[in-house]
**Student:** 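Pasting in a structure now, in structure tokens, and then I'll have a few things to ask.
Below, chain A is the first sequence line, B the second, and so on; all start at residue 1.
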Amino acid sequence: MGYWLLKSEPGEFSIDDMERVGVEPWDGVRNYQARNWLRDHMQVGDQAFFYHSNCKEPAIVGIVSVASPAYPDPTQFDPRDKHFDPKSRPDDPRWWLVDVRFERRLRRPVTLRELKEREEELEGLALVRRGNRLSVMPVTPQQWAFILGLEQQPESG
DNA sequence: GCCAACGTTGGC
DNA sequence: GCCAACGTTGGC
């Protein structure tokens, strides 16, 4: 079982939206490293943290699961879509996605600030590295378990 | 292949 | 809204 973290701007698509729709195509990823994780490493059934970025309180707020194998992101071929990529060809798609399924909310948001305070335990997690912009990143089983442990504690600091 | 310019991300 | 960090682009 693989573990991941997916960023989403709550102004665009929040955990509320995720819960309401149930299953969502994770489209719009336009970063090659993130694309590679999606396309080459995600497996159906993998678990992922749902992270709110670029907002008042950046935090992990929920858990989703991978609900489909990777397939070409249809928005790259739609000229009216803001994620349209004129250089991508249907016979050689550049951008891929998976469907994700809502699993649950965390008992409380586990904030970025809090995660950074525990950098010793979360060493290597891209999210807490300075300047990181990756929107799809792997999480180790140890990091996954540690963050689930944080969820069970009241926020400190 | 270098690297300056530019656009985007995302915390603050 | 600011701006540092980073990825991409394109001239050379």
**Student:** With distance as the sole criterion, is a donor-acceptor pair present between the side chains of A/Gln76 and A/Ser88 under 3.5 Å?
**Tutor:**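 A/Ser88 and A/Gln76 do have a side-chain donor-acceptor pair below 3.5 Å.
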
**Student:** Which residues in residues 26-35 of chain A have at least one heavy atom lying under 4.0 Å from any atom of DNA chain B?
**Tutor:**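 Heavy-atom cutoff 4.0 Å gives no residues at all.
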
**Student:** Quick one: do A/Arg104 and A/Glu151 make a salt bridge, cutoff under 4.0 Å?
**Tutor:**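 Looking at A/Glu151 together with A/Arg104, the answer is yes, because their closest N to O distance falls below 4.0 Å.
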
**Student:** Under a 4.0 Å N-O cut-off, is there an ion pair linking A/Arg108 with A/Glu114?
**Tutor:**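 The answer is yes: the pair qualifies as a salt bridge.
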
**Student:** Would you tell me whether A/Glu103 and A/Ser65 have side-chain atoms, one donor and one acceptor, within less than 3.5 Å of each other?
**Tutor:**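 There is such a pair between these side chains.
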
**Student:** Can you list everything that forms a side chain to side chain contact (heavy atoms under 4.5 Å, CB included) with A/Asp81? Sequence neighbours excluded, please.
**Tutor:**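 Partners of A/Asp81 under the side chain to side chain contact (heavy atoms under 4.5 Å, CB included) test: A/Thr75, A/Asp78, A/His83.
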
**Student:** Between A/Leu115 (CG) and B/dC12 (P), how many Å, whole number?
**Tutor:**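 For the pair A/Leu115 CG and B/dC12 P, the rounded distance is 11 Å.
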
**Student:** May I ask you to evaluate whether A/Tyr51 reaches the phosphate of B/dG11, defined as a side-chain N or O under 4.0 Å from OP1 or OP2?
**Tutor:**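 A/Tyr51 to B/dG11 OP1/OP2: side-chain N or O found under 4.0 Å.
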
**Student:** When the distance from NE2 of A/His52 to P of B/dG11 is rounded to whole Å, what number comes out?
**Tutor:**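 It is 12 Å, rounded to the nearest whole Å.
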
**Student:** To the nearest Å, give me how far apart NZ (A/Lys7) and P (B/dG11) are.
**Tutor:**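 That distance rounds to 6 Å.
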
**Student:** Please tell me which of the listed nucleotides, B/dG10, C/dG10, B/dG11, lies nearest to the side chain of A/Leu112?
**Tutor:**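 Taking heavy atoms from C-beta onward, the closest nucleotide is B/dG11.
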
**Student:** If the helix axis at each end comes from five base pairs, how far does the helix from B/dG1-C/dC12 to B/dC12-C/dG1 deviate from straight, to 10°?
**Tutor:**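 For the helix from B/dG1-C/dC12 to B/dC12-C/dG1, the axes at opposite ends meet at about 10°.
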
**Student:** Would you mind reading off the distance between A/Asn132 atom CG and B/dG10 atom C1', rounded to a whole angstrom?
**Tutor:**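 Rounding to the nearest Å, CG of A/Asn132 and C1' of B/dG10 are 10 Å apart.
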
**Student:** Side chain of A/Asn54 only, please: which of B/dG10, C/dG10, B/dC12 is the nearest?
**Tutor:**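 The nucleotide sitting nearest to the side chain is B/dG10.
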
**Student:** Aromatic ring centroids of A/Trp26 and A/Phe50 under 6.0 Å?
**Tutor:**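 Yes.
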
**Student:** Picking from A/Trp37, A/Phe49, A/Trp144, A/Phe146, what satisfies ring-ring contact (aromatic ring centres under 6.0 Å, His included) with A/Tyr3?
**Tutor:**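 Looking at A/Trp37, A/Phe49, A/Trp144, A/Phe146, the match for A/Tyr3 under the ring-ring contact (aromatic ring centres under 6.0 Å, His included) is A/Trp144.
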
**Student:** Whole angstrom is fine here: how far is it from CG in A/Asp85 over to C1' in C/dT8?
**Tutor:**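 In whole Å, C/dT8 C1' and A/Asp85 CG are 12 Å from each other.
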
**Student:** Round to a whole Å and report the spacing from CZ of A/Arg113 to P of B/dC12.
**Tutor:**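 After rounding, the reported distance stands at 10 Å.
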
**Student:** Roughly, in whole Å, what's the span from NZ in A/Lys87 to P in C/dG7?
**Tutor:**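 From A/Lys87 NZ to C/dG7 P: 18 Å.
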
**Student:** Evaluate the side-chain proximity of A/Leu97 to A/Pro74: yes if any heavy-atom separation is below 4.5 Å, no if none is.
**Tutor:**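 Contact flag for A/Pro74/A/Leu97 side chains = yes.
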
**Student:** Can you check the A/Arg94 CZ to C/dG7 P distance for me, whole Å?
**Tutor:**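 Checked: the CZ to P distance equals 17 Å.
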
**Student:** Test salt bridge (charged side-chain N to carboxylate O under 4.0 Å, His left out) on A/Arg30 and A/Asp85 and set out the steps.
**Tutor:** CA-CA 9 Å; A/Arg30 293 296 182 269; A/Asp85 182 349; 5.4 Å; no

**Student:** What does A/Lys56 touch in the nucleic acid at a heavy-atom separation under 4.0 angstrom: a base, only the sugar-phosphate, or nothing?
**Tutor:**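 Counting heavy atoms under 4.0 Å across all strands, no contact is made by A/Lys56.
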
